[in-house]
Peer 1: 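Sharing a structure with you now.
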Amino acid sequence: MLQAGGIQSFTVPLPLEEGELLGNPQIAWQAYGKPSDGKAVVVLHDLSHSHEALGTGPDAPYQPFGWGRELIGPGKALDPETTPVLVPNLLGSPFGSTSPLSVEPTSGRAWGVSLPPLTVLDMARGVSALLKALELNQVRALVGVGLGGVVALRLAALFPELTSSVVVIGAARALPEGLREKLGLTSQVLRMAPDNEDTPPLRERVPNRTLSRLRLDYLKLIYGREHLNATYPDNATAQAALEAEAASFADTFDPLSWSLLCSAYAGCDLTDTFAQIRARVLLLTGTTDVLAPAGRVRDTYHLLTASGVQARFVELQGPGDHGTLLSDAHRLRGPVQDFLRWR
């Protein structure tokens, strides 16, 4: 089903929200179907996902690929035969787009800690630059999951004529305050960790114990007790599975990139941007999503409508943890397809 993919490089620096210029930025992407102006749906990934929504990778507990199999495909909410799909890799993600792993053009070495801070606005600008490079001046819809959901809303506010529809899965105007603080401290925790002393650059540590511990905490947020009880025969097996994925993540994901992405997510509050949105917005969340609690998403819906945005709010039935939102094609297909047909 993969139609095309690649890495789009830009010779013009990208202005960043903090005032710096990002030289020679690049955005990795994959397309399913044949995206064309006005017809493509842009799907934006979550915090630890890559742009390879239908891809396959090494047989390991942590898989940044293939997360969109219940969302994209024949008979799914987004069928590339009728709804071509473009999936960019967000700035800061270590799977091909500019990130701490990328080469800094002046020195010829990896950016590392020298990469300027990135924000959700910068990620939205990066996606916009990719769309222009691919000659997609308008798209049918923006669909975002978690972090990708807030990027989709920010992009719709930044360029109101870009799309008429935004679908947000598992995200609200901002993370809950406690999580914002927790994720916002990721960089500090990694810098102060004992296993970071007198060692090579972060990426060369296999595994990074502190990153593994942070990932384990995150997994316990996105997978609740009900899901773990239904998936594993006992608590010990569930704990072992989570620990294996956390260790695999620490062995795969660049710690500096994780820190950067967490900081961008934690620092984002979209409330003041809603008045610029002209697109219709569908908000989907689960009953037990800790990252996007139903009450918080409902409040986001009310803020959108108060700003003049046509919005819908749907609380998905079935498994409601953040990590399970994309696990059931049937419950996604109805709300998403009905919304895209809405005029």
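Just so it is clear, the values below take in all heavy atoms, side chains as well, and ignore hydrogens, waters and symmetry mates. Because the structure is predicted, anything quoted here is derived from the model rather than measured.
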Peer 1: Short question: side chain of S102, backbone of S99 - any donor-acceptor pair under 3.5 Å?
Peer 2: yes
Peer 1: Quick one: does V41's side chain get under 4.5 Å of V139's, heavy atoms only?
Peer 2: no
Peer 1: In sequence, state the C-alpha distance, the side-chain angles, and the governing distance for R296 and D299, and then conclude on salt bridge (charged side-chain N to carboxylate O under 4.0 Å, His left out).
Peer 2: CA-CA 5 Å; R296 195 171 188 84; D299 289 343; over 6 Å; no
Peer 1: May I ask you to decide if L14's main-chain N or O and R125's side chain share a donor-acceptor pair within less than 3.5 Å?
Peer 2: no
Peer 1: Identify the two heavy atoms, one from L147 and one from Y265, that lie closest to each other, and give their separation to 0.1 Å.
Peer 2: N-OH, 3.5 Å
Peer 1: For the side chain of D254 and the backbone of P94, is there at least one donor-acceptor N/O pair under 3.5 Å apart?
Peer 2: no
Peer 1: Counting distance only, does the side-chain N/O of Y62 pair as donor-acceptor with the main-chain N or O of S48 below 3.5 Å?
Peer 2: yes
Peer 1: Holding to side-chain contact (heavy atoms from CB on, under 4.5 Å), I want the full list of residues that pass it with N229, two or more places apart in sequence or in another chain.
Peer 2: R225, N235
Peer 1: So which atom in A264 and which in L118 form the shortest heavy-atom distance, rounded to 0.1 Å?
Peer 2: CB-O, 3.4 Å
Peer 1: What do you reckon, is CD of Q239 surrounded by more than 12 foreign heavy atoms closer than 6.0 Å?
Peer 2: yes
Peer 1: Are side-chain heavy atoms of V113 and L256 found at a separation under 4.5 Å?
Peer 2: yes
Peer 1: Is there a side-chain contact between V281 and R312 (heavy atoms, below 4.5 Å)?
Peer 2: no
Peer 1: Test your reading of the model: is there a side-chain donor-acceptor pair from S327 to the backbone of T324, 3.5 Å cut-off?
Peer 2: yes
Peer 1: Roughly how far apart are I72 CD1 and Q30 CD, rounded to 0.5 Å?
Peer 2: 10.0 Å
Peer 1: Name the orientation class of the two ring planes belonging to H49 and W67 (parallel below 30°, tilted from 30 to 60°, perpendicular beyond 60°).
Peer 2: parallel
Peer 1: Between L142 and V168, is there a side-chain heavy-atom distance shorter than 4.5 Å?
Peer 2: no
Peer 1: Tell me, please, which residues at least two apart from H51 pass ring-ring contact (aromatic ring centres under 6.0 Å, His included).
Peer 2: none
Peer 1: Could you see if F65 belongs to whatever hydrophobic cluster contains L71? Use Ile, Leu, Val, Met, Phe, Trp, Tyr and a side-chain cutoff under 4.5 Å.
Peer 2: no
Peer 1: Quick check: does any side chain N or O of K132 sit under 3.5 Å from a backbone N or O of N137, one acting as donor and the other as acceptor?
Peer 2: no
Peer 1: Should L90 and H45 count as side-chain neighbours, where that means a heavy-atom distance under 4.5 Å?
Peer 2: yes
Peer 1: Tell me whether L158 is reachable from L130 by hopping between hydrophobic residues (I, L, V, M, F, W, Y) whose side-chain heavy atoms are closer than 4.5 Å.
Peer 2: yes
Peer 1: Distance alone, cut at 3.5 Å: any donor-acceptor contact between the side chains of T82 and D79?
Peer 2: no
Peer 1: Tell me whether R180 contacts the main-chain N or O of A174 through its side chain, where contact means a donor paired with an acceptor under 3.5 Å.
Peer 2: no
Peer 1: Is the backbone N or O of P64 less than 3.5 Å from a side-chain atom of E52, with the two atoms forming a donor-acceptor pair by type?
Peer 2: no
Peer 1: For residues R140 and S165, is any side-chain donor paired with an opposing acceptor at under 3.5 Å?
Peer 2: no
Peer 1: Assess the side chains of N89 and S93: does a donor N or O sit below 3.5 Å from an acceptor N or O?
Peer 2: yes
Peer 1: Checking R280 against F339: charged group under 6.0 Å from the ring centre and within 45 degrees of the axis?
Peer 2: yes
Peer 1: Which heavy atom of G126 sits nearest to which heavy atom of L91, and what is that distance?
Peer 2: CA-CD1, 4.2 Å
Peer 1: What do you reckon, is CD of E315 surrounded by more than 12 foreign heavy atoms closer than 6.0 Å?
Peer 2: yes
Peer 1: On the six-membered ring of F313, is R298 placed so that its NZ or CZ lies under 6.0 angstrom from the centre and within 45° of the ring axis?
Peer 2: no
Peer 1: Give the intermediate values and the outcome of side chain to side chain donor-acceptor pair (under 3.5 Å) for residues D251 and S248.
Peer 2: CA-CA 5 Å; D251 196 21; S248 177; over 6 Å; no
Peer 1: Okay, side chain of S259, backbone of T186: is any donor-acceptor separation there less than 3.5 Å?
Peer 2: no
Peer 1: Measure the CG-CG distance between L131 and L86 for me, rounded to the nearest 0.5 Å.
Peer 2: 6.5 Å
Peer 1: At their closest point, which heavy atom of P25 faces which heavy atom of T98, and how far apart are they?
Peer 2: CA-OG1, 3.4 Å
Peer 1: Under a 4.0 Å N-O cut-off, is there an ion pair linking K220 with D217?
Peer 2: no
Peer 1: H322 and D289: side-chain donor and acceptor closer than 3.5 Å?
Peer 2: yes
Peer 1: Ignoring hydrogens, what is the shortest heavy-atom contact between Q8 and A133? Give both atom names and the distance.
Peer 2: CD-CB, 3.7 Å
Peer 1: Within a reach of under 6.0 Å around NE2 of H330, are more than 12 heavy atoms found that belong to other residues, nucleotides or ligands?
Peer 2: no
Peer 1: I'd like to know if E104 pairs up with R109 as an ion pair, taking the criterion as any Lys NZ or Arg NE/NH1/NH2 lying under 4.0 Å from an Asp or Glu carboxylate oxygen.
Peer 2: no
Peer 1: Kindly determine whether L22 and L115 satisfy side chain to side chain contact (heavy atoms under 4.5 Å, CB included), including the steps that lead there.
Peer 2: CA-CA 8 Å; L22 183 62; L115 184 70; 3.7 Å; yes
Peer 1: Look at atom CD of Q276 and say whether more than 12 heavy atoms of other residues, nucleotides or ligands are closer to it than 6.0 Å.
Peer 2: yes
Peer 1: Applying the side chain to side chain donor-acceptor pair (under 3.5 Å) test to R173, which of D269, T300, D272 qualifies?
Peer 2: D269
Peer 1: Starting at OG1 of T231, measure out to OH of Y223 and round the result to the nearest 0.5 Å.
Peer 2: 9.0 Å
Peer 1: Any heavy-atom pair between the side chains of V143 and L44 that's under 4.5 Å?
Peer 2: no
Peer 1: Between the side chain of R333 and the main-chain N/O of G75, is any donor-acceptor distance below 3.5 Å?
Peer 2: yes
Peer 1: What's the shortest heavy-atom distance between S36 and L136, and which atoms?
Peer 2: C-CD2, 3.4 Å
Peer 1: Would you say the side-chain atoms of E17 and T119 include a donor-acceptor pair closer than 3.5 Å?
Peer 2: yes
